[in-house]
Protein chains: 2
Amino acid sequence: MTTTVGEPRPVGPGRQRLHEAALRLFAEHGISGTSLQMIADDIGVTKAAVYYHYKTKDELVIGVVAPFIDRVFAILEAGQARRGRRGQIETVLEGLVDLIVEARKLYVVAAIDPVIAHLHEIHPRMREIAARMQDLLAGPDPDDERRVAVVFFLSGLVGPLGDESCRDMDDDTLRGLLLDIGRRFLLQRKAMRG
Amino acid sequence: MTTTVGEPRPVGPGRQRLHEAALRLFAEHGISGTSLQMIADDIGVTKAAVYYHYKTKDELVIGVVAPFIDRVFAILEAGQARRGRRGQIETVLEGLVDLIVEARKLYVVAAIDPVIAHLHEIHPRMREIAARMQDLLAGPDPDDERRVAVVFFLSGLVGPLGDESCRDMDDDTLRGLLLDIGRRFLLQRKAMRG
DNA sequence: GTCTATAATGCGATAGAC
DNA sequence: GTCTATCGCATTATAGAC
C-alpha cells in the first residue's frame, strides 16, 4: 500500500526512461557524482528536458528512490503487524536484507552519499523511515548497548555490499550471511525483553 | 615509527594552522563539502595562500589525514608483532577503536567521503592500509562468512560514531560498547583456526 | 514535451606582484 | 609567504522558441 499522499507522482513514458537512466548512473558513479548533464546525455536529451520532469536535482533523486522508500515503509508495516518482538524483528530483518541485496549497487552508494545525507535533513519521509527502523529494531526503552548494536548493524550492512572481496558473492550467499549476522546481532540475549 | 619515506612533509607554523582549520571544517562539513575558499576564510587568508602549501586539494587532504594513517600503520605493526591470532586481533581492535573514538568527528565523515574514496584509488598508503587491516582481521584463507564478518565490522564502526542517538555518549562508554561488539564478532567460534 | 541558449554561481587552479 | 586578479571549467537552473 503506502499510497503517497500530498505528493502526486505520475510516471509517464519519458519519466520512466529518465528514472532508469538515473538509477543506473547513480549506482555507477554515486548520486553526487552524477550530473544532470550525464543523465541527459545518457537518454539522448538535453538538461532542459530533465528539468521539465523535475524542478531540481533533489526532487529528481527523491523521485528515483521513492519506490525503495515505499518498500521500506511496507516492510516496517509488515513488521509492526506482527505481535511478538522477535517476530517483528525477524520480519523487518528479512525484508531489509532482501531489499538491499537486490538493490545493492544503488544501496551502497545511496547509503553514504552527501546528497542522501542532505535529503535526510529536508525530506520528512526519509527522516521518518530511519527513525522508525531504529525504533522497531531497538525496541522500547533501549539502553546504550542496544542502541549502539542497532545503529552498528544498519551501518554494517553497507560494507559487504560495496567491498571488492564480497562483490562477487552471489545474492543468495550474501543474503544468508547477512541474515545470520543480523540474527546474532538483534535477536540474542537480554536485549529481548520488550 | 613509520617514518614517511619519499614524501617529505615539513610542518611549518602556517601549515599547522592550515591543518587545524581544515581538520575542523572537514569534521563539520565533510571533506567534499569543504571548499578551499572556506578553509582560507577560516584562517583569514586567501585561497592562493593555501595553494602555496599544497599544489592540489587532494594533497591537502592527504597532508591532513596523514597523522591518522600513520597511527593506523603503527597499530597494524603492533598487531603483527604479536604471535597468536587472538592477540593480534585484540591489539588491532583496541588500537582501532581507541583511534576512531578519539577522532570520531573526522572518522565519520572521512569513512564515507567521495574524496577519500578517490584517494583510496590513487594513494598507495590508503590502499595498503585497508587491505592489511582486512587481512589481519580475517586471518589466513578466510571463508566467505569470515570475510563478510570483517567487512561488516569495519563498516559498522561508522554508524555509532555519526548517529544522533549515540552522539552524546561519552568516549569511554562508546569505546566499551564497540570493543564488546568487536570481540563478540572477531574473536569467537570457528573462525579462529589460524 | 523537447529544444537552444544562456544566466548565475562556485569550484579548483594559475600567474605574477609585493 | 601572502597577496590580487583571473582563468577555465562544470555545475544547477532559467527563459523562451518550436
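Order of the sequence lines sets the chain letters (A, B, ...), proteins ahead of strands, with each chain counted from 1. None of the values given here were measured: they were computed from a predicted structure.
Nearest nucleotide to the A:Lys47 side chain, out of C:dC11, D:dT12, D:dT2: D:dT12. Relative to the side chain of A:Ala48, the nucleotides D:dT11, C:dC3, D:dA13 differ in distance, and C:dC3 lies closest. Side-chain proximity of B:His53 to D:dT2, C:dG12, D:dA13: nearest is D:dT2. Nearest nucleotide to the side chain of B:Gln37, out of D:dC3, C:dC11, C:dC3: C:dC11.
Spacing between atom CD of A:Glu59 and atom P of D:dT12 amounts to 14 Å, rounded to whole angstrom units. As rounded to whole Å, 15 Å separates atom P of C:dG10 from atom NE2 of B:His29. In this structure, the OH atom of B:Tyr51 is 8 Å from the C1' atom of C:dC11, given to the nearest Å. Whole-Å rounding puts the A:Asp41 CG to C:dC3 P distance at 11 Å. The interatomic distance linking A:Arg15 (CZ) with C:dG1 (P) rounds to 9 Å, in whole Å. The CD1-P distance, from A:Ile43 to C:dG1, rounds to 14 Å in whole Å. If you take CG of B:Leu60 and P of C:dA13, they are 10 Å apart, rounded to a whole angstrom. Here C:dA13 presents its P atom at 12 Å from CD1 of B:Ile39, a figure rounded to the nearest Å.
Residues B:Gly156 and B:Pro160 approach most closely at O-CD, 3.0 Å, considering heavy atoms. Of all non-hydrogen atoms in A:Arg127 and A:His120, the two that sit nearest each other are CG-O, 2.8 Å.
The aromatic rings of B:Phe153 and B:Phe185 sit parallel to each other, their planes meeting at less than 30°, with 60° as the upper class boundary.
For A:Ser35 and D:dA10, the shortest distance from a side-chain N or O to OP1 or OP2 is not below 4.0 Å. For C:dT2, neither phosphate oxygen OP1 nor OP2 lies less than 4.0 angstrom from any side-chain nitrogen or oxygen of A:Tyr52. Taking side-chain N and O atoms only, B:Thr46 has no distance below 4.0 Å to OP1 or OP2 of D:dT2.
Between the side chain of A:Arg132 and the main chain of A:Phe73, no donor-acceptor pair closer than 3.5 Å is present.
Counting distance only, with no hydrogens placed and no angle test, the side-chain atoms of A:Lys57 and the base atoms of D:dT11 include no donor-acceptor pair under 3.5 Å.
Each of A:Leu36 and B:Gly44 lies near DNA chain D, and the nucleotide nearest B:Gly44 is the one positioned closer to the 5' end.
Both cation-pi conditions hold for B:Arg15 and B:Tyr54: the charged atom is under 6.0 angstrom from the six-membered ring centre and inside a 45 degree cone around its axis.
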